[in-house]
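Before any comments, here is the structure.
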Amino acid sequence: MSVKVDIPSYLQPYTNNTEVVEVNGSTVGECINHLIKQFPTMKKMLFAKNGRLHSYVGIYINGEDAYPDELAKPIEEGDALYILYIIGGG
Amino acid sequence: MLTTEERERYDRQIMIRGIGEEGQEKLKQAKVVVAGSGGLGSPASIYLAAAGVGTIRMIDHDRVELSNLNRQILHWDKDIGRNKVDSAAEKLSQLNRSVKIEAVEETIDEVNISRLVAGFDLIVDAMDNLPTRYLLNKAAIDNHIPFIHGAVYGLEGRVMTIIPGKTACLRCVYRGLIPEEKFPVIGVTPAVIGCIQATEVIKYIVGIGKLLTDRLLVYDGLNMKFTELVVKRDPNCEHCGHLKGKG
């Protein structure tokens, strides 16, 4: 499945300032792995050392929160993924 | 009861369908906590004072620094070194003398937070760090006070309205902490987000419109794009999971 991943501005330095990245996969996890294959430094921004998503990273499928078990959620052709990174400035 | 002067001052907003004199009276009676007198707290409180929100409690422990002045528009060159809440209260009182401004110079913590928000109708999240935001979220949930979250980073911002026990809370959406860091920001970003927070406050008090509940609004100023993410209550949320209500 071909899926577009919306990269938040916070993470765009890790995707060569690309805002939307096209990936392939049948689950969220496969899509994220394909994203990391294209931009390897994204791995440390998304995953903790234990292999789980950082607690401050959220994944949204077509604008809806995929939590919990985000990585196992199935993906269909044309779906859009959004990575939400916590920000705390004020 | 509105005075003749108040009817004239608020004439243009009383004309708005759904506000009227009844809505203006609700604003006059309302008590709002603005937690933080910086980038977000400045625009949010300015527009709440201008709109005639009767009591605004400004809470902050910081003093004004030169590096604040690109965005914290309640504070001017002459205020450098001064308590932020005193600086804020002075400007807000000059903007609208009929509004009661309470300046509270305290650091929000687990011990004082319930006292600081007790008796207030709404809390505006205008903090600059996540741990205090989570404290405010929990206090809002525990005291059943609606909570208007806002945050910024660079040219990006977020807003969400939380009605305790009914809609997703901040902890349902944000489940972790990011490392503390000095964050980039330019004044126009908190201006946008703070004004949206003030809009939510006004709508809630008057009882009009559709609140930004169960939705996280993401503002991307660089591409001038608003994205709405659908969020839901987490039944296992450590802050609101114990409350009954729609999940």
Side-chain angles (χ1 to χ4, degrees), chain A residues 3-21 28 31-32 41-73 75-76 78-90, chain B residues 35-42 44 71-72 125-134 149-158 168 170 172-185 189-190 193-194 214-216 218 220-223 225 227-236:
Chain A
V3 171
K4 286 181 176 165
V5 186
D6 217 323
I7 309 293
S9 57
Y10 192 98
L11 292 178
Q12 286 173 18
Y14 302 91
T15 59
N16 295 335
N17 295 315
T18 309
E19 294 161 27
V20 179
V21 177
V28 170
C31 291
I32 296 295
T41 55
M42 280 289 277
K43 186 173 182 179
K44 68 171 191 230
M45 301 305 293
L46 300 177
F47 288 98
K49 284 178 181 169
N50 63 12
R52 292 183 177 176
L53 281 171
H54 285 304
S55 57
Y56 45 81
V57 172
I59 305 286
Y60 287 72
I61 306 171
N62 299 326
E64 295 204 20
D65 194 352
Y67 181 85
D69 302 322
E70 303 95 317
L71 299 176
K73 294 275 161 61
I75 288 295
E76 293 179 13
D79 278 351
L81 289 181
Y82 188 97
I83 299 173
L84 184 76
Y85 214 78
I86 293 182
I87 59 173
Chain B
S37 301
L40 290 168
S42 290
R71 63 195 185 280
Q72 302 184 14
D125 170 11
M127 298 309 303
D128 62 357
N129 67 87
L130 276 167
T132 314
R133 283 195 162 84
Y134 291 154
H149 163 67
V152 294
Y153 183 96
L155 281 157
E156 184 181 330
R158 315 260 173 86
L170 190 60
C172 296
V173 182
Y174 287 175
R175 291 169 279 268
L177 280 174
I178 45 170
E180 288 273 336
E181 62 171 358
K182 181 177 168 184
F183 62 92
V185 65
T189 307
I193 299 302
D214 292 324
R215 297 178 288 154
L216 179 70
V218 179
D220 172 1
L222 199 59
N223 297 298
K225 187 172 75 172
T227 302
E228 193 178 297
L229 300 175
V230 177
V231 296
K232 56 196 175 198
R233 282 191 72 188
D234 176 1
N236 300 312

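Chain naming here is simple, since letters A, B, ... match the order of the sequence lines and numbering starts at 1 in each.
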Q.
Test side-chain contact (heavy atoms from CB on, under 4.5 Å) on B/Val218 and A/Leu84; report intermediate values, then the result.
A. CA-CA 9 Å; B/Val218 179; A/Leu84 184 76; 4.3 Å; yes
Using only the distance criterion (under 3.5 Å, no hydrogens considered), which donor-acceptor pairs connect chain A with chain B?
from	atom 1	to	atom 2	distance (Å)
A/Ser9	OG	B/Glu156	OE1	2.6
A/Tyr10	OH	B/Glu181	OE2	3.1
A/Ser55	O	B/Gly176	N	3.3
A/Gly63	O	B/Val230	N	2.6
A/Asp65	N	B/Val230	O	3.2
A/Asp65	O	B/Lys232	NZ	3.2
A/Tyr85	O	B/Arg158	NH1	2.9
A/Tyr85	O	B/Arg158	NH2	2.6
A/Gly88	O	B/Asn129	N	3.3
A/Gly88	O	B/Arg133	NH1	2.4
A/Gly89	N	B/Val152	O	3.1
A/Gly89	O	B/Arg133	NH2	3.1
A/Gly89	O	B/Val152	N	2.8

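The structure places CD1 of A/Ile32 at 8.5 Å from CD1 of A/Ile75, a figure rounded to the nearest 0.5 Å. Taken from CD1 in A/Ile86 to CG in B/Leu170, the straight-line distance is 8.0 Å, to the nearest 0.5 Å. Here CG of B/Leu40 is found 7.5 Å from CD1 of B/Ile193. Values are rounded to the nearest 0.5 Å.
Heavy-atom distances place no part of B/Val185 under 4.5 Å from chain A, backbone and side chain included.
Looking at residues two or more places apart in sequence or on another chain, you find a side-chain contact (heavy atoms from CB on, under 4.5 Å) between B/Ala44 and B/Val124.
Of the listed residues (B/Ala151, B/Gly194, B/Pro131, B/Gly154), the greatest number of heavy-atom pairs within a distance under 4.5 Å of chain A belongs to B/Ala151. Taking chain A as the reference chain and counting heavy-atom pairs below 4.5 Å, the highest number among B/Leu216, B/Leu177, B/Leu155, B/Val231 is found for B/Leu177.
When every heavy atom of A/Ile87 is checked against every heavy atom of B/Ile178, the shortest pair comes out as CA-CD1, 4.3 Å.
The shortest side-chain heavy-atom distance between A/Val5 and A/Ile7 falls under the 4.5 Å cut-off.
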